[in-house]
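Report on one structure; see the data block that follows.
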Amino acid sequence: MRIVVLLKAVPVVGTEKMTGGWLLDRSAGLESNGNDEYVLEAGLKLVEAHGGELVTLTMGPSPATEAIRKALAMGAARAVQVVDEALAGSDALATGRVLAAALQRMEFDLALAGADTSDGQGGVVGAAVATRLGLPYLSYAAAIEPDPAAGTVRVRRISPTGYDVLEARMPALVAGTQLLGEPRYPSLRGIMQARSKQIATWSLADLGIDPASVGTPATWSAVLTATPPAQRAGATIVRDAPEAAVERIVEFLAARRLI
Amino acid sequence: MAGAIWAVCDMVDGLPTRHGRELATLTWALGRAASRPTASVLVGPGASAAADAIASHGPDVLAVDADPGERPIAAVTAERVAALIRERQPAYVLLGTSDDGRDTAGILQALLEWGALVNVSAVRWGDDGPVAEVSVFGGRLVTESRLTQDHGLIIVRPSAVAAEAAERPGGVERIDPAPGADLAPVRVVDRVGEASAAVSIEEATVIVAGGRGVGGPEGFGVVRDLADALGGAVGATRAVVDSGWIGYAHQIGQTGKSVKPQLYVAAGISGAIQHKVGMQTSGTIVAINKDPDAPIAEFADMMVVGDLFEILPRLTAAVRARRA
Ligand SMILES: Cc1cc2nc3c(=O)[nH]c(=O)nc-3n(C[C@H](O)[C@H](O)[C@H](O)COP(=O)(O)OP(=O)(O)OC[C@H]3O[C@@H](n4cnc5c(N)ncnc54)[C@H](O)[C@@H]3O)c2cc1C
């Protein structure tokens with residue numbers, strides 16, 4: 001099995017900052033996006049079960065390298081990083097375009113993506129990449145079961161009422177969730193080995209993409225204002241014994257017409 | 001005339017979801033503010049039958065009775081909506097942040113080369129286009145953004161508005177557009193119903209959520225009882241989902257669902273940032289926690305310091321007594 005994992009490096013949740021031009025500060029402190037680590041783990045298990053190789057694909061600035069090294073330490077064979085100054089400020093549309101162009105130059109049976117990212121919060125890039133490449137798209141995966149002999153993959157997709165079992169021919173793109181399972185920690189040996197693993201860097205020119213079609217100049221969304229949300233008044237603290245506490249909760253809810 | 005504003009509304013079991021009705025109401029309000037025509041698009045089996053329900057929210061309805069057969073509904077929807085957008089050229093298309101809504105939006109992005117405003121919690125009509133409010137950076141900032149083009153997708157979270165009947169219903173048009181794309185085939189080989197998954201925490205107006213403090217799967221009994229008494233749904237943290245105490249469908253937070261109920265009761269939940277990002281926009285937050293210093297105290301409206309096993313059953317009884 002040849003697997004490519006789309007891996008985004010994101011600011012640690014809760015520490016995000018903005019730069020001057022309304023952009024998310026990506027100059028330091030990036031880690032792998034949560035959902036991307038779940039699909040990475042699923043991909044590593046598939047390679048362990050079926051043989052083959054797992055490669056990560058990241059679009060992101062140089063500070064993303066730390067997250068990529070961690071993926072290599074977890075077991076990815078090598079990595080591709082699309083780096084270009086013109087990419088700063090890219091929206092989901094541009095990201096889909098770039099990742100599709102990069103994937104097109106790679107060989108794989110399965111491309112795996114996280115269902116969404118903690119910073120972008122769009123959850124649309126996986127579907128867009130698959131559509132651009134004419135790949136079957138199987139999303140919200142709780143389990144991924146390829147059948148290499150048949151050249152097909154089955155995915156358990158979370159549905160509002162349970163789950164659907166989806167099947168498609170490979171190559172395919174699967175977007176996955178936390179239900180794929182907890183990611184492993186890199187071993188010491190893995191960390192040592194990661195140092196000599198290759199991170200190939202590709203530029204927009206390498207991908208034949210016009211820099212004007214990505215990044216801030218091409219974004220479809222322009223921030224007008226950014227303000228802290230309306231603050232809550234601060235919690236009313238209740239330390240009474242249970243009976244009295246419950247009375248106070250009921251009064252509080254009734255005053256707000258919630259019961 | 002300036003381009004129309006459309007909503008693409010999800011259906012479940014042949015009925016529009018609450019989220020879908022909200023999108024129709026929001027679209028109607030935007031259309032009024034902008035003096036632009038509006039439409040709600042329903043795609044799927046039973047769309048015609050569901051059309052009147054969604055028409056009551058104001059926009060005209062485009063009902064496409066497409067039978068997905070063995071295909072995922074998002075793919076079928078995206079193909080039809082892409083065809084309709086090309087043919088009728090609306091300016092702005094609203095979709096929901098549901099799994100199917102986001103899949104449909106991603107496919108449309110690629111088919112139409114349309115950009116999107118994503119994860120939107122409110123939309124108003126600005127000077128000459130929609131202005132979207134988005135909660136970013138773990139809720140520490142709220143941005144207002146506009147589209148840089150005169151058209152685009154807007155992907156809206158639940159509870160951006162309350163679904164309301166308009167003063168007059170929209171008209172209903174049944175259509176059968178040829179698919180506007182030929183997506184790579186994916187087959188649904190089985191649809192499995194799970195009782196535990198039949199919760200829609202995103203649609204609930206009251207959520208009672210339990211964390212590690214409930215101590216085990218049985219501990220969710222008191223949580224469930226209070227949720228029942230309040231007519232609400234049961235939520236959970238990742239810690240308890242990982243422990244197998246309750247299903248993932250209940251998980252709220254960064255890698256679970258984002259919710260915005262009127263009332264959020266957090267029992268035995270510490271309030272980690274990854275949980276907070278999924279529920280902090282809730283109307284009223286009441287926390288019950290043994291530890292007065294739990295981070296949730298910083299963003300709750302009421303912090304009850306105590307043992308949830310002593311508080312919840314009494315609260316359930318008090319709520320039931322009031323209702324009786
Ligand atoms: C990539 C990633 C994604 C994540 N996504 C999510 C997510 O989507 N959702 C999510 O929730 N978390 C998520 N997390 C996990 C998150 O960091 C926390 O670990 C988790 O939210 C903690 O859950 P908890 O509050 O139930 O448990 P704890 O933090 O252990 O808190 C338990 C609380 O219960 C209280 N308590 C104990 N007993 C009682 C009692 N009898 N009565 C009253 N109070 C009691 C304690 O004082 C404590 O405050 C994610 C983490 C990562 C790394």
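We use all heavy atoms of the structure for the numbers below, so side chains are in, but hydrogens, waters and symmetry mates are not. Below, chain A is the first sequence line, B the second, and so on; all start at residue 1.
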CA sep, side-chain torsions, deciding dist, call: A/R132, B/E113, salt bridge (charged side-chain N to carboxylate O under 4.0 Å, His left out): CA-CA 10 Å; A/R132 284 177 191 282; B/E113 296 289 351; 2.8 Å; yes

Pick one of side chain, backbone, both or neither for [X], based on which atoms fall under 4.5 Å of a heavy atom in chain A.
X      : result
B/D182 : neither
B/T281 : backbone
B/R322 : side chain
B/L183 : side chain
B/I155 : side chain

Please look at [X] and chain B and tell me whether the side chain, the backbone, both or neither of the residue comes under 4.5 angstrom of a heavy atom of that chain.
X      : answer
A/Y137 : both
A/E243 : both
A/L166 : both

Top residue by heavy-atom pair count (under 4.5 Å) with chain A, among [options]?
options                        : result
B/D103, B/V188, B/L315         : B/D103
B/R140, B/R191, B/Q149         : B/R140
B/R238, B/Q262, B/R71          : B/R238
B/L312, B/T255, B/I273, B/V118 : B/T255
B/T143, B/V120, B/D190         : B/D190
B/A317, B/G139, B/G115, B/A184 : B/G115

Could you go step by step and tell me if B/Q254 and A/N35 meet the side-chain contact (heavy atoms from CB on, under 4.5 Å) rule? CA-CA 9 Å; B/Q254 183 194 323; A/N35 278 325; over 6 Å; no

Any non-hydrogen side-chain atom of A/Q178 less than 4.5 Å from a side-chain atom of B/V241?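 SC-SC contact between A/Q178 and B/V241 confirmed.
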
Output side-chain donor-acceptor pairs under 3.5 Å for residues 292-311 of chain B, partner residues at least two apart or in another chain, one line each.
| from | atom 1 | to | atom 2 | distance (Å) |
| --- | --- | --- | --- | --- |
| B/D301 | OD2 | A/R232 | NH1 | 2.8 |
| B/D301 | OD2 | B/I285 | N | 2.7 |
| B/D307 | OD1 | B/F309 | N | 2.8 |

If you tally heavy-atom pairs under 4.5 Å against chain B, which of A/R97, A/R154, A/R157 wins?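 Most heavy-atom pairs under 4.5 Å with chain B: A/R157.
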
